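All chains are named by letter (A, B, ...) in the order of the sequence lines, taking the proteins before the strands, and each is independently numbered beginning at 1. Side chains are part of it too, since the values below use all heavy atoms of this structure and drop only hydrogens, waters and symmetry mates. Remember, predicted model here, so these are calculated numbers, not experimental data.
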Number of protein chains: 2
Amino acid sequence: MTVPATGPGSEKYQRILDAAVEVIAENGYFNSPVSAIAARAGVADGTIYLYFKSKDDVLRTAIDTTFDRFHRQVGEQFETLQGPREQLEYIAQVHLESHAVNRSMAILMQTEVRQSAKFIAEFSHHHLVKYISVVREVIRRGQKEGIFRQDVSDGVVAHCMFGAIDELLSSAVFTGRVYDAKATAAQVIDVLLNGIKAGSAKS
Amino acid sequence: MTVPATGPGSEKYQRILDAAVEVIAENGYFNSPVSAIAARAGVADGTIYLYFKSKDDVLRTAIDTTFDRFHRQVGEQFETLQGPREQLEYIAQVHLESHAVNRSMAILMQTEVRQSAKFIAEFSHHHLVKYISVVREVIRRGQKEGIFRQDVSDGVVAHCMFGAIDELLSSAVFTGRVYDAKATAAQVIDVLLNGIKAGSAKS
DNA sequence: TAGGTGAGTGAATCAATATTCATTGTTGGC
DNA sequence: GCCAACAATGAATATTGATTCACTCACCTA
């Protein structure tokens with residue numbers, strides 16, 4: 001047992017994180033007293049402070065973990081994928097799947113990550129930047145290879161793609177609608193690549 | 001003077017609203033004590049309650065007013081515009097212009113509107129639904145007229161458009177980047193209509 | 001089994017802060 | 001000048017809630 005009892009590996013640590021995500025998804029960070037999180041996790045208020053530095057720290061950790069998992073998952077498959085199109089589709093799919101993986105976490109990402117509480121905005125920003133960078137690189141490569149048009153900014157396109165997917169996710173999360181992540185990802189990327197104008201070449 | 005002194009028309013009413021938007025944009029709703037808003041507006045704490053029912057009410061009013069202005073502005077020009085493409089471009093442009101109109105308000109819309117505080121999520125939802133509905137209708141009309149492909153869902157496309165633009169706005173607002181709203185709107189709609197695949201017919 | 005260790009507890013503390021309301025100041029009519 | 005009527009004030013109130021810390025107790029070791 002190299003893991004300290006109160007360390008990140010322990011079962012109680014995870015229980016507290018899960019409870020925090022649930023409670024905050026339901027009520028928002030500022031309407032979630034530590035006592036409510038503790039109750040949900042089945043521990044005493046003070047116990048939270050054995051595992052985390054502060055209430056902030058709990059949320060920060062939850063968000064960091066989720067982003068890291070996302071980047072890791074994308075990173076693993078990424079190189080094996082054929083072309084830019086397949087890579088963009090895969091990113092979109094993983095992004096859209098987050099709903100099914102953990103709905104509470106998806107809600108939390110939609111509601112709290114953009115929230116202006118300084119401490120969140122600042123530390124989560126670099127995760128988003130990383131996402132956008134990956135997409136931009138794929139697009140630039142596609143442009144260099146002549147697969148994509150070169151008269152549109154890779155930055156604008158990357159933000160469009162992120163925004164489009166995130167908005168679909170957001171609306172599904174809040175309305176409770178469900179969808180097939182893979183099919184929806186394919187549809188979004190299809191629109192991004194081919195547009196919606198009638199008569200555009202298919203695929 | 002049919003307007004009551006403490007009514008919506010008065011100068012102090014507007015000063016309080018503006019101050020609230022500024023302070024909340026800087027610190028977030030839950031980190032903005034009423035006293036800070038009052039100080040920024042140059043009034044006493046209690047004065048706010050002569051003009052508004054509660055702290056909630058101030059924010060609600062600010063957001064409502066902004067959405068109403070948006071819908072009105074879009075509504076005015078809308079019928080005079082030629083085709084679906086022009087209409088979509090105009091909506092995108094007005095959306096993107098909100099940054100220049102009032103940066104604090106743009107920040108607030110990005111940070112607080114999605115926030116899970118129940119009272120915000122609930123009342124602002126219908127404004128977004130209205131936005132999406134308008135776009136969906138334009139798209140359906142375009143599909144019926146044979147201008148747009150019929151094999152993609154109008155809902156998905158509408159959310160993609162909203163998300164793409166909102167994300168561009170968001171990223172610009174937070175990084176301080178500036179852009180030409182009209183040109184950017186045209187670029188986004190161009191991608192939406194024609195895609196980014198090389199060789200697609202132009203415009 | 002006595003002693004030690006440290007995880008776990010939850011009541012007490014202490015700082016915020018939304019809202020109220022008794023009081024003050026101002027204005028316009030007489 | 002005097003007097004409503006009413007906007008404005010801001011100190012007082014009452015509540016909430018993050019964090020602390022003195023204490024308990026289960027478990028281990030000698």
Side-chain angles (χ1 to χ4, degrees), chain A residues 1-63 112 115-120, chain B residues 1-63 112 115-120:
Chain A
M1 250 134 2
T2 57
V3 178
T6 61
S10 80
E11 188 249 343
K12 210 164 273 189
Y13 178 92
Q14 195 56 48
R15 260 213 337 266
I16 292 169
L17 269 186
D18 292 344
V21 169
E22 277 181 31
V23 172
I24 294 173
E26 282 164 26
N27 309 109
Y29 180 75
F30 291 106
N31 289 311
S32 298
V34 171
S35 59
I37 295 170
R40 183 77 62 104
V43 300
D45 297 8
T47 305
I48 298 212
Y49 292 88
L50 297 176
Y51 291 81
F52 298 93
K53 281 206 312 293
S54 62
K55 186 186 171 190
D56 288 11
D57 189 40
V58 180
L59 179 57
R60 210 195 318 274
T61 303
I63 293 176
E112 305 301 327
Q115 227 254 358
S116 69
K118 288 275 161 45
F119 77 92
I120 303 182
Chain B
M1 236 63 82
T2 58
V3 178
T6 61
S10 79
E11 188 248 344
K12 211 165 271 188
Y13 178 92
Q14 195 56 49
R15 262 217 331 269
I16 292 169
L17 270 186
D18 292 344
V21 169
E22 278 181 31
V23 172
I24 294 173
E26 282 164 27
N27 308 110
Y29 180 75
F30 291 105
N31 288 311
S32 298
V34 171
S35 60
I37 296 170
R40 183 76 63 103
V43 300
D45 298 7
T47 304
I48 299 216
Y49 292 87
L50 296 176
Y51 291 82
F52 298 93
K53 281 204 314 292
S54 62
K55 187 187 169 189
D56 288 11
D57 189 41
V58 180
L59 179 57
R60 211 195 318 273
T61 303
I63 292 176
E112 305 300 327
Q115 227 254 0
S116 67
K118 290 273 161 45
F119 77 93
I120 302 181

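Just one of K12(A), R15(A), Q14(A) meets the side chain to side chain contact (heavy atoms under 4.5 Å, CB included) condition when paired with Y51(A); it is K12(A).
Under the 6.0 Å distance and 45° angle rule, K55(B) counts as a cation-pi partner of Y29(B).
Here dA7(C) presents its C1' atom at 14 Å from CD of E11(A), a figure rounded to the nearest Å. In this structure, CG of D57(B) is placed 14 Å from C1' of dA18(C), rounded to the nearest angstrom. L59(A) has its CG atom 13 Å from the P atom of dA18(D), to the nearest Å. Between L50(B) atom CG and dT9(D) atom C1' the separation is 9 Å, expressed in whole Å. Rounding to whole angstrom units, CD1 of residue I48(A) and P of dT20(D) are separated by 13 Å. In this structure, F52(B) places its CZ atom 13 Å from P of dT19(C), rounding to the nearest Å. Between Y29(B) atom OH and dT17(C) atom P the separation is 13 Å, expressed in whole Å. Nucleotide dA7(D) holds its P atom 8 Å from the OH atom of Y51(B), rounded to whole Å.
D45(A) meets the side chain to side chain contact (heavy atoms under 4.5 Å, CB included) test with S35(A), A38(A); sequence neighbours excluded. With sequence neighbours left out, the side chain to side chain donor-acceptor pair (under 3.5 Å) criterion links R60(B) to no other residue. With sequence neighbours excluded, the residues that form a side chain to side chain contact (heavy atoms under 4.5 Å, CB included) with S32(B) are V23(B), I24(B), N27(B). For D57(B), the side chain to side chain donor-acceptor pair (under 3.5 Å) criterion is met by no residue, not counting sequence neighbours. Judged as a ring pair (Phe, Tyr, Trp, His ring centres under 6.0 Å), and not counting sequence neighbours, the contacts of F52(A) are Y13(A).
Contact record, G28(A) with E112(A): CA-OE2, 3.3 Å, taken as the closest heavy-atom pair.
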Polar pairs (N or O, both sides) under 3.5 Å between protein and nucleotides 10-17 of chain D?
unit_1: dG10(D); atom_1: N7; unit_2: G46(B); atom_2: N; d: 3.3

Polar pairs (N or O, both sides) under 3.5 Å between protein and nucleotides 23-27 of chain C?
none

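Among pairs with a residue in residues 27-38 of chain A, none fulfils salt bridge (Lys or Arg N to Asp or Glu O under 4.0 Å), at least two apart in sequence or across chains.
Applying the 4.0 Å criterion to OP1 and OP2 of dT9(C), one finds that Y49(A) has every side-chain N and O outside that range.
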